[in-house]
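Notes to accompany the following structure.
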Amino acid sequence: MIETSARLLQLLSLLQLRREWTGPALAQRMDVTERTVRRDIGKLRTLGYPINASPGVAGGYQLGAGAQLPPLLLDDDEALAVAIGLTAVTASPVSGVGEASVRALTKLEQVLPPRLRPRFSGLRSAVTRMAAISTPVSPEVLTALSAAITERRCVAFRYDRHDGESSRRIVEPYRLVDTGRRWYLVAFDRSREDWRTFRVDRCQSVPVARDRFVARPLPAADLAAYVQESITRSPYSYDAVIRFHAPLSELEARVPSNTGTLEADGEEYTLLRAGFDSLDFPLAYLASWDLDFEVLEPAEMRERAVVVADRLRRSAGPPEDAPETEHSPR
């Protein structure tokens, strides 16, 4: 009985490992006859596992999707990977996923073999994730958008713009992009007849699937870079170009991806392209990086830099060797 149960678990593990197996391949891998494989396939089916069989020389067995989630068989590395992944997802901006991840992680820890628990505890205690400000996203909205992207269906939903105005949108969805803090949807807006980037947390209703659409040429080959460009420059009043006196490798290690886009300007300089709604904040923010930089664009930012620099210079007081005036501090 124990031998049969172990063989069934081995067979289930193999079926999960590869999309399709032929009978002879399974028999050779398990060191049994093909008749035993067929008998064990029948036993797994009686236990509720949906195993599809295709006839013919090129046919084989395939583990199908069932009405209920069957137990998964994971090797040591897979179990550790899932455990670490669940630990990271506990800080997810998707509403409710953090709690579900904690519950799943608790169940997984309970069944981890003793030989794996020290490795998992070591990894968990050695890795710390910094909390980031994020806006909760409804998992139902993400699921509806994902399905529409896969099925190439238009969706309709109510959307709140950054100025608070709400409107009904009908779009052709193409890609969901996760920046870590927020989720964005790249879609073609039918009413505006142009490409748009939507913040998923601003969807005020679950998207409703509509008619199918024919895929259009994408606005960029790299949609993640397209989203970064959209959220760091397009919505802002000022489009700035800053040259830093530092190589690209140094800036990439220090500049968050949601600040702007970086590109090398020779071996010793780096250009930052970013959008801002004010001029004072970015000047103070960039100065805090303790790197020399030049404001190339816009002209208003260069002029404001002169004013701010003069104000900062006066705030430090006169040099020690400067003559006192009636307004000098005593």
Side-chain angles (χ1 to χ4, degrees), residues 77 80-94 97-98 101 119-120 122-137 175-186 197 199-201 219-298 301-302 304-305 308-309 312:
D77 291 337
L80 283 175
V82 171
I84 297 299
L86 287 171
T87 302
V89 174
T90 55
S92 170
V94 181
V97 169
S101 300
R119 291 174 60 187
F120 174 66
L123 282 170
R124 193 175 185 183
S125 61
V127 177
T128 301
R129 178 173 179 172
M130 294 183 63
I133 300 175
S134 59
T135 308
V137 176
R175 186 71 55 82
L176 284 166
V177 177
D178 177 17
T179 66
R181 295 178 55 211
R182 295 189 179 100
W183 285 82
Y184 291 88
L185 170 68
V186 179
T197 300
R199 270 179 51 174
V200 178
D201 60 281
D222 186 347
L223 290 182
Y226 175 80
V227 169
Q228 184 184 21
E229 175 86 4
S230 299
I231 65 178
T232 57
R233 299 180 66 185
S234 300
Y236 299 98
S237 303
Y238 300 98
D239 196 8
V241 181
I242 314 295
R243 178 190 286 131
F244 283 92
H245 296 201
L248 178 61
S249 57
E250 181 176 348
L251 267 295
E252 285 180 330
R254 300 179 58 174
V255 180
S257 61
N258 59 356
T259 299
T261 57
L262 297 170
E263 61 180 86
D265 185 22
E267 295 183 358
E268 299 180 357
Y269 299 92
T270 302
L271 295 180
L272 168 67
R273 302 181 186 274
F276 302 102
D277 281 327
S278 70
L279 295 176
D280 290 346
F281 169 75
L283 288 171
Y285 178 54
L286 298 175
S288 69
W289 294 358
D290 197 26
L291 291 172
D292 290 339
F293 65 90
E294 309 165 50
V295 178
L296 303 184
E297 297 178 17
M301 194 173 187
R302 291 198 301 271
R304 191 62 185 167
V308 172
L312 291 174

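Below, all heavy atoms of this structure are taken into account, side chains as well, without hydrogens, waters or symmetry copies. All residue numbers in this chain count up from 1 along the given sequence.
- In this structure, the separation between CZ on Arg199 and CH2 on Trp183 is 15.0 Å, given to the nearest 0.5 Å.
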| message | Determine whether Val200 and Leu176 satisfy the following criterion, side chain to side chain contact (heavy atoms under 4.5 Å, CB included), listing intermediate values before the conclusion. | response | CA-CA 9 Å; Val200 178; Leu176 284 166; 3.9 Å; yes

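- Within a 6.0 Å sphere centred on CD of Glu263, other residues, nucleotides and ligands contribute more than 12 heavy atoms.
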| request: Show your reasoning for whether side chain to side chain contact (heavy atoms under 4.5 Å, CB included) applies to Val177 and Thr197. | output: CA-CA 10 Å; Val177 177; Thr197 300; over 6 Å; no

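- Residue Leu251 holds its CG atom at 4.5 Å from OG1 of Thr270, rounded to the nearest 0.5 Å.
- In this structure, Leu262 CG and Arg254 CZ are separated by 11.5 Å, a value rounded to the nearest 0.5 Å.
- Atoms CG and CD1, on Leu283 and Ile242 in that order, are 7.5 Å from each other to the nearest 0.5 Å.
- Atom CZ of Arg302 is separated from atom CG of Leu296 by 7.5 Å, given to the nearest 0.5 angstrom.
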| task | Please report the C-alpha distance between Phe244 and Leu286 in whole Å, then the side-chain angles of each, then the deciding distance to 0.1 Å, and finally whether the side chain to side chain contact (heavy atoms under 4.5 Å, CB included) criterion is met. | result | CA-CA 10 Å; Phe244 283 92; Leu286 298 175; 3.8 Å; yes

| task | Just do the side chain to side chain contact (heavy atoms under 4.5 Å, CB included) check on Glu250 and Leu291 with the steps written out, would you? | result | CA-CA 10 Å; Glu250 181 176 348; Leu291 291 172; 3.5 Å; yes

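- Atom-to-atom distance recorded for Met301:CE and Asp280:CG is 9.5 Å, nearest 0.5 angstrom.
- At least one side-chain heavy atom of His245 sits less than 4.5 Å from a side-chain heavy atom of Tyr269.
- The nearest pair of heavy atoms linking Pro298 to Ala240 is CD-CA, 3.9 Å.
- Note on ring orientation: taking the six-membered ring where Trp is involved, the planes of Phe281 and Tyr285 are parallel (angle under 30°, cut-offs 30° and 60°).
- Shortest non-hydrogen contact noted between Tyr226 and Ala220 is CB-CB, 3.9 Å.
- Listed by chain and number, the residues in a side chain to side chain donor-acceptor pair (under 3.5 Å) with Glu297 amount to none (sequence neighbours excluded).
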